[in-house]
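To start, the structure under review is shown below, and the notes come after it.
Quick note: numbers below take in every heavy atom, side chains included, and nothing from hydrogens, waters or symmetry partners.
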Amino acid sequence: MPFDFRRFDIYRKVPKDLTQPTYTGAIISICCCFFIAFLFLSELTGFIANEIVNELYVDDPDKESGGKIDVSLNISLPNLNCELVGLDIQDEMGRHEVGHIDNSMKIPLNNGNGCRFEGSFTINKVPGNFHVSTHSATAQPQNPDMSHFIHKLSFGDTLQVSNVHGAFNALGGADKLASNALASHDYILKIVPTVYEDLSGKQTFSYQYTVANKEYIAYSHTGRIIPAIWFRYDLSPITVKYTERRQPMYRFITTVCAIIGGTFTVAGILDSCIFTASEAWKKIQLGKMQ
């Protein structure tokens, strides 16, 4: 007797004349196809789109920076002449720089009565401060007006990723134009290192920060202290890392198979239950008629 390879067929076919179509089965089949198509398209959209995974760890992510952080500051002081505006930098490593001018620009405002300061500079990765003041001016004004508007304050590289939302420019839009003209302003910053790694493995090093602020008029035994805008910062030991990933192909195929198989199985059970119940009801009706 010749060997019949068809014995291994576990999907035995039922002749068409032995099957019975029903309206209920047709409705369930159509709904089933629409449901599978909807889930498949949803899963395909998720497979095509990139996934952002974040993690926290304790480390300095940018060891090649030489212990430096790039800072970008853009601030307007509408009631202070540009000749009086200066940037001072201090930190716990002994740095004390008054009137920093490298990579900075002063733009006159209000017919020369105000000033917009734009600057890029570096700070050490230690606690410290930088402040906008009149300390570097050759002659100190009697009543400098430190009311201001902060357009931008950011640290590190600019992270231009739409699906990553963080406090990379937390002070952008800070409006202190209506504040007391003689008051000093303290912004206390907690800087959090942030790393973004794309699909190619390229890393971008940026920094987020939280901020608290206070406004005050300071006095000493000699009288009122000249006001300034202080940015006091400290670094967090925790690093936030965002990694861009794409769903593996095998996971996508597994999910699609589960969607198709599970939907057909549940639809088949539902159809079988409805058909069995309808046949039983018909028998009961026939029994009553007899």
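- Residue Phe38 qualifies as open at atom CZ: its count of foreign heavy atoms under 6.0 Å is 12 or below.
- The two atoms that bring Asn79 and Asp145 nearest to each other are ND2-OD2, 3.0 Å, heavy atoms only.
- A donor-acceptor pair under 3.5 Å links the side-chain atoms of Asn169 to the main chain of Leu153, judged by distance alone.
- Although no hydrogens or angles enter the test, the distance criterion places a donor-acceptor pair under 3.5 Å between the side chain of His100 and the main chain of Asp102.
- Distance check, rounded to the nearest 0.5 Å: OG1 of Thr263 to CD1 of Ile36 gives 4.5 Å.
- Residues Asn180 and Ile217 form a side-chain contact, since some pair of their non-hydrogen atoms from C-beta on lies under 4.5 Å apart.
- Side-chain contact, Lys125 with Ser65: a donor N or O sits under 3.5 Å from an acceptor N or O.
- Considering only residues two or more places apart in sequence or on other chains, Asp59 meets the salt bridge (Lys or Arg N to Asp or Glu O under 4.0 Å) condition with Lys63.
- The salt bridge (Lys or Arg N to Asp or Glu O under 4.0 Å) test applied to Lys241 returns Glu197, not counting sequence neighbours.
- Ser147 pairs with exactly one of Ser76, Pro227, Ser179 by the side-chain contact (heavy atoms from CB on, under 4.5 Å) rule, that one being Ser179.
- Here the side chains of Asn213 and Ile188 are not in contact, with every heavy-atom distance at 4.5 Å or above.
- The cluster map of Ile, Leu, Val, Met, Phe, Trp and Tyr, joined by side-chain heavy atoms under 4.5 Å apart, puts Tyr187 and Phe117 in the same cluster.
- Enclosure of atom OH in Tyr216 by more than 12 non-hydrogen atoms of other residues, nucleotides or ligands within 6.0 angstrom is indicated.
- When atom types are taken as modelled, the side chain of Asn110 and the backbone of Pro78 share a donor-acceptor pair closer than 3.5 angstrom.
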Run the numbers on Val164 and Asn54 for side-chain contact (heavy atoms from CB on, under 4.5 Å), then give the verdict.
CA-CA 10 Å; Val164 173; Asn54 60 74; over 6 Å; no
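- Side chain of Asn124 to backbone of Val126: no donor-acceptor contact under 3.5 angstrom is found.
- Side chain of Lys152 to backbone of Ser72: no donor-acceptor contact under 3.5 angstrom is found.
- Remark: side-chain polar atoms of Asn81 are paired, donor with acceptor, to backbone N or O of Gly112 under 3.5 angstrom.
- Taking all atoms of both residues into account, the shortest heavy-atom contact from Lys106 to Pro108 is O-CD, 3.8 Å.
- Between atom CG of residue Asn129 and atom CG of residue Asp234 there is a gap of 12.0 Å, rounded to the nearest 0.5 Å.
- The distance from the CG atom of Leu77 to the CG atom of Leu177 is 9.0 Å, given to the nearest 0.5 Å.
- Enclosure of atom CD in Glu43 by more than 12 non-hydrogen atoms of other residues, nucleotides or ligands within 6.0 angstrom is indicated.
- Smallest separation of non-hydrogen atoms from Lys202 and Asp198: N-OD1, 2.9 Å.
- The list of salt bridge (charged side-chain N to carboxylate O under 4.0 Å, His left out) pairs with a residue in residues 87-96, not counting sequence neighbours, reads Arg95-Glu97.
- For the atom pair CG (Asn74) and OG (Ser120), the distance works out to 9.5 Å, reported to the nearest 0.5 Å.
- Listed here is the closest heavy atom pair of Leu84 and Ala137: CD2-CB, 3.9 Å.
- Residue pairs that meet the salt bridge (charged side-chain N to carboxylate O under 4.0 Å, His left out) test with at least one member in residues 167-188, sequence neighbours left out, are Asp186-Arg232.
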Stepwise, does the side-chain contact (heavy atoms from CB on, under 4.5 Å) test hold for Asn143 with Leu182?
CA-CA 7 Å; Asn143 296 305; Leu182 302 178; 3.8 Å; yes
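- Contacts of His151 classified as ring-ring contact (aromatic ring centres under 6.0 Å, His included), with partners at least two apart in sequence or in another chain: Phe149.
- Thr24 OG1 to Ile274 CD1: the interatomic distance, rounded to the nearest 0.5 Å, is 5.5 Å.
- By the 4.5 Å heavy-atom criterion applied to side chains, Arg116 and Glu118 are counted as neighbours.
- Counting only heavy atoms from C-beta outward, the side chains of Phe275 and Leu270 never approach each other to under 4.5 Å.
- Atom-to-atom distance recorded for Gln90:CD and Ile123:CD1 is 13.0 Å, nearest 0.5 angstrom.
- In this view, Cys82 and Cys115 satisfy the disulfide bond (SG atoms under 2.5 Å apart) rule, not counting sequence neighbours.
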Check step by step if side-chain contact (heavy atoms from CB on, under 4.5 Å) holds for Leu39 and Thr255.
CA-CA 10 Å; Leu39 293 181; Thr255 305; over 6 Å; no
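- Using the six-membered ring where Trp is involved, Tyr233 and Phe130 have ring planes that are tilted, between 30° and 60° apart.
- Closest heavy-atom contact between Gly25 and Ser29: O-OG, 2.7 Å.
- Looking at Phe205 and Pro193, their side chains never come closer than 4.5 Å, going by heavy atoms from C-beta outward.
- Looking only at distances, no side-chain donor or acceptor of Ser136 sits under 3.5 Å from a matching main-chain atom of Thr134.
- With hydrophobic clusters built from ILVMFWY side chains whose heavy atoms lie under 4.5 angstrom apart, Leu199 does not share a cluster with Phe47.
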Going through the distances and angles, do Tyr207 and Phe168 end up as a ring pair (Phe, Tyr, Trp, His ring centres under 6.0 Å)?
CA-CA 6 Å; Tyr207 295 84; Phe168 297 97; 9.6 Å; no
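- Only one option out of Asp157, Leu159, Thr243 pairs with Tyr196 in a side-chain contact (heavy atoms from CB on, under 4.5 Å); it is Leu159.
- Under a hydrophobic-cluster definition in which Ile, Leu, Val, Met, Phe, Trp and Tyr are linked whenever side-chain heavy atoms come within less than 4.5 Å, directly or via other members, Tyr209 and Leu73 are assigned to the same cluster.
- Val71 and Ile191 end up in the same hydrophobic cluster when Ile, Leu, Val, Met, Phe, Trp and Tyr side chains are linked at under 4.5 Å.
- Under the 4.5 Å side-chain contact rule for hydrophobic residues, Ile260 and Ile253 share a cluster.
- Here the side chain of Ser272 pairs no donor or acceptor atom with the backbone of Ile269 at under 3.5 angstrom.
- In terms of modelled atom types and a separation under 3.5 Å, the side chain of Glu51 and the main chain of Glu244 share no donor-acceptor contact.
- The shortest distance between side-chain heavy atoms of Ile226 and Pro144 falls below 4.5 Å.
- Thr158 and Thr204 make their closest contact through O-CG2, 4.3 Å (heavy atoms, listed as atom of the first residue, atom of the second, distance).
- Panel note: side chain His148, backbone Met146; a donor-acceptor pair is recorded below 3.5 Å.
- Residues Val195 and Thr239 meet the side-chain proximity criterion, which asks for heavy atoms closer than 4.5 Å.
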side-chain contact (heavy atoms from CB on, under 4.5 Å) for Leu189 and Thr210? Distances and angles first, verdict last.
CA-CA 6 Å; Leu189 315 177; Thr210 59; over 6 Å; no
